[in-house]
> 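The structure that follows is given in the form of structure tokens.
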Amino acid sequence: MRWTTTLIPTLKEDPADAETVSHKLLVRAGMIRQVSRGIYDYLPLALKVIRKIETIVREEMDRAGAQELLLPIASPAELWQESGRWEVYGKELVRFKDRHERDFCLGPTHEELITDLVRRAVRSYRELPFNLYQIQTKFRDEVRPRFGLMRGREFIMKDAYSFHATVEDCRREYQVMFQAYNRIFTRCGLKFRPVEADTGAIGGTLSHEFQVLADSGEDAIVSCNSCEYAANALKAEVKPQRLSGRNLTESAPPVEKVSTPGKKSVAEVAEFLGLAPDRFIKTLVYKAGEGELVAVLVRGDHEINDLKLKTVLGCENVTLADEQEIERKAGVPPGYIGPIGLRLRAVADQAIQGMRGAVTGANEANAHLVEVDQERDFTPSAFADLRLATAGDPCPRCDHGALESHRGIEVGQIFYLGKKYSEAMGATYLDAEGRERPIEMGCYGIGISRLAAAAIEQNHDGNGIIWPFSIAPVPVLLLPINYKEEKSRDVIDRLYAELSSRGIAVLLDDRDERPGVKFKDADLIGIPLRVTVGAKGLERGCVEARWRRDGRTEDIPVAEAASRIESLVREGMKL
RNA sequence: CGGGGCGUGGCGCAGUCUGGUAGCGCGCACGCUUGGGGUGCGUGAGGUCACCGGUUCAAAUCCGGUCGCCCCGACCA
């Protein structure tokens, strides 16, 4: 691969429309160009990276026993109507009509298509289990595409679906995929963490996300500093804690109403009364399901986890009620609502149980109550884990660990789906007794193009990208200081040929540019091993190898260059 | 969906308030120079100022509309 015959339009300056490191660097390194919002061209260097990742994914999926196939991108509305997602999916699903006015959509994911295929092809338990995967371009009309390849509307994804006769077998496959994913992301040279995850719109009951650790990540995750527990912050459980001082007050003082004019938020009232936020019981009013208003109680320093609330209330959607609605139904303006005497059903976070000496809204404007004692003064309809876990919380799985928080980029997710799609779409098999049963399913995704961006977020410096060897466009960059100079050119050309014949892919910077320009571009595009050939080195009979990651250099005698470089590359691939 | 910002040679920007000759840096082409971290000098090409309409003798600039792109937010009482 020669630079002069490859399209690598590098840029000196950051593009004006890019915000994140990976977006800026991908554009500056001449790897991607935006076509429309969330839609990009993949230039030759980027495609090389994508192909590297795909190869690793294919190898590990095949090793795990999955089979590759390819489903269409366009699918007819009927299949989506059958699963119910035609209505549920919303605007993210791009729909269109063909010339006969029939409805179609572009696949944002392929449960419907694969389930349709399998139900038409499989009859017996003897044909199960199997796992089918594809690597394909997906389209989701995201509300807010952003950050280059990180959240595009069009993106490349590997999606796999497995089919089983029994729950146990499906869970076994889940573990197989879990291991395969660990291998894949390890081989891609990423620092990542599998975390327990919510199953979201896809449904199902068991799921892990694979999160690449990066401060710029969109997802908050927590992990235990002592055991293996890690979860998406939205999913993370909160361990019930014994209240300290709960039994200290034998005879609690009576509830007292205090005036708090204009003070509504916990922070305001806490400052006004000179009390810590964790002494407060915060009352939020949600609109649940059919429009019922429900009061949700959490400690003043805690935040409600909508996901947990949905589960506890047993409804699909919960939103904070608006002000007018609250005043109408509860007779109190928000800010002064409290559990005592409230005319709404109330559910409480477990941390509320047994609270004493607490501060709550008084259910009248400009007043709060102090010295509230939960057991004595009010009883919510239920106590449950309703809050968001935060750093410092005790680990829900082990005895002595505490949770740390991190940011992550989700590059993969695996789900146990169960019968959700097979039941909706009638994908069944006959068991050994001749009974018809719905097939057990799992699904497993990897964001290939996002992974490339995540790798950069995690591997870059002020000068550019630092690709891990395994997913670099090529492992070696040959850089002649002056390609026009005959002696250097001979050495370089010979090295290029020798490395190529050894199966080492090489990019040769054969441009007639100043050395400085070539060095800058080399750093920018992030090829892991740079081999510089110039008159100075050749006087000593040497070429110079330099690692992009740490700047380490090594002089190599010309005669040994090819074999030495080959072994350096092999070594690098192992890391 | 709400709020904010931007749209001027390939890229990054100034010019717009206060209408009149479209400018800078980088890049590009050519020549000389230089040759181990974006070399120096010179010459030159390249722009319907996002689009449509209006005001005006005259519009990148003022007015109206449209489109595109970027960022933030969607109510923690």
Side-chain angles (χ1 to χ4, degrees), chain A residues 9-20 23-24 27-28 30 33-39 90-91 143-148 260 262-270 277 280-287 293 295-306 309 318-327 330 332-339 342 344 349 359-363 365-366 368 386-388 463-464 479-485 488 509 511-524 530-539 542-544 546 551 553 555:
Chain A
T10 58
L11 261 26
K12 280 189 178 175
E13 288 174 276
D14 284 338
D17 56 4
E19 194 76 6
T20 51
H23 189 187
K24 288 177 185 168
V27 174
R28 282 191 56 207
R33 284 290 170 92
Q34 180 163 1
V35 174
S36 177
R37 73 188 310 234
I39 300 178
K91 289 197 175 163
V143 208
R144 243 193 100 193
R146 57 189 144 170
F147 306 150
T260 51
K263 310 291 180 193
K264 301 176 93 169
S265 70
V266 168
E268 287 165 356
V269 183
F280 285 65
I281 294 173
K282 191 160 63 171
T283 307
L284 269 31
V285 180
Y286 277 80
K287 190 157 58 176
L293 293 193
V296 183
L297 313 178
V298 290
R299 217 168 71 185
D301 58 330
H302 290 158
E303 289 195 17
I304 291 174
N305 182 329
D306 289 4
L309 184 60
V318 294
T319 47
L320 280 167
D322 62 60
E323 207 156 317
Q324 292 80 0
E325 222 169 346
I326 295 171
E327 284 220 54
V332 187
Y336 304 100
I337 300 182
L342 184 63
L344 299 173
D349 181 65
V359 182
T360 74
N363 287 322
N366 302 318
H368 282 77
L386 288 175
R387 76 168 171 93
L388 228 37
N463 294 316
L479 195 155
I481 293 299
N482 184 352
Y483 194 55
K484 288 189 298 191
E485 193 246 320
S488 300
D509 192 347
R511 293 176 298 172
D512 180 17
E513 287 288 353
R514 306 263 318 171
V517 172
K518 292 193 265 195
F519 286 139
K520 288 289 183 189
D521 275 346
D523 285 349
L524 181 59
R530 185 185 87 193
V531 178
T532 310
V533 179
K536 280 189 192 170
L538 291 180
E539 275 170 26
C542 284
V543 301
E544 179 205 79
R546 184 178 195 268
T553 62
D555 277 347

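By convention in this document, chain letters (A, B, ...) are assigned in the order of the sequence lines, proteins followed by strands, and residues within each chain are numbered from 1. Scope of the values below: all heavy atoms of this structure, side chains included, with no hydrogens, waters or symmetry mates.
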> In this structure, how many angstroms lie between the P atom of rG38(B) and the CG atom of Leu479(A), rounded?
13 Å
> Say whether, by atom type as modelled, one donor and one acceptor occur between the side chain of Lys484(A) and the main chain of Asp512(A) under 3.5 angstrom.
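Judged by distance alone, no pair lies under 3.5 Å.
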> Which listed nucleotide (rC70(B), rG73(B), rC76(B)) is nearest to the side chain of Asp17(A)?
rC70(B)
> Counting side-chain heavy atoms from C-beta on, which of rC69(B), rC76(B), rG38(B) comes nearest to Ser36(A)?
rC69(B)
> Using the C1' atom as the reference point in each nucleotide, state the distance between rC57(B) and rA14(B) in Å, no decimals.
29 Å
> In Å and rounded to the nearest 0.5 Å, what is the OG1 to CD1 distance from Thr360(A) to Ile337(A)?
11.0 Å
> Produce a footprint string for nucleotides 26-36 of chain B: one letter per nucleotide, 5' end first; B if the base is under 4.0 Å from any protein heavy atom, S if only the sugar-phosphate is, - if neither.
SS------BBB
> In whole angstrom, what separates Glu19(A)'s CD from rG5(B)'s P?
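To the nearest whole Å, that distance equals 17 Å.
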> Nearest-Å distance, CD1 (Ile281(A)) to C1' (rC76(B))?
15 Å
> Considering just the side-chain nitrogens and oxygens of Arg146(A), establish if one lies under 4.0 Å of OP1 or OP2 belonging to rC71(B).
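Looking at the OP1 and OP2 atoms of rC71(B), neither is under 4.0 Å from any side-chain N or O of Arg146(A).
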> Under 3.5 Å, is there a donor-acceptor pair between the side chain of Tyr483(A) and the main chain of Ser488(A)?
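A pair under 3.5 Å: no.
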> Between rC28(B) and rC70(B), how far apart are the two C1' atoms, rounded to whole Å?
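That atom pair is separated by 28 Å.
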> OP1, OP2 of rC70(B) versus side-chain N and O of Gln34(A): anything below 4.0 Å?
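Looking at the OP1 and OP2 atoms of rC70(B), one of them is under 4.0 Å from a side-chain N or O of Gln34(A).
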> In whole angstrom, give me the gap between the P atoms of rU34(B) and rA50(B).
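Result for the P pair: 44 Å, nearest Å.
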> Of the candidate nucleotides rC72(B), rC76(B), rG38(B), which contains the atom at the shortest distance from the side chain of Leu320(A)?
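Nearest to the side chain of Leu320(A) among the choices is rC76(B).
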> Looking at Glu19(A) and Arg146(A), does any basic side-chain N land under 4.0 Å from a carboxylate oxygen?
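A salt bridge is absent here (no side-chain N lies under 4.0 Å from a carboxylate O).
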> Using whole Å, report how far CZ of Arg28(A) lies from P of rG38(B).
14 Å
> Under a 4.0 Å threshold between the charged nitrogen and the carboxylate oxygen, would Asp349(A) count as salt-bridged to Arg299(A)?
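No salt bridge links Arg299(A) with Asp349(A).
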> Which of the following nucleotides, rG38(B), rC71(B), rC76(B), is nearest to the side chain of Asp306(A)?
rC76(B)
> Under a 3.5 Å cut-off for both distances, is rC62(B) Watson-Crick or wobble paired, and to whom?
rG54(B)
> Where the side chain of Asp523(A) is defined as all heavy atoms beyond and including C-beta, which of rC76(B), rC70(B), rG37(B) is the nearest nucleotide?
rG37(B)
> Taking atom C1' in both rA74(B) and rG15(B), what distance in whole Å separates the two?
38 Å
> Would Glu544(A) and Arg530(A) pass as an ion pair if we require N to O under 4.0 Å?
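A salt bridge links Glu544(A) with Arg530(A).
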> Within this structure, what is the CG-NZ distance for the pair Asn366(A) and Lys264(A), rounded to the nearest 0.5 Å?
9.0 Å
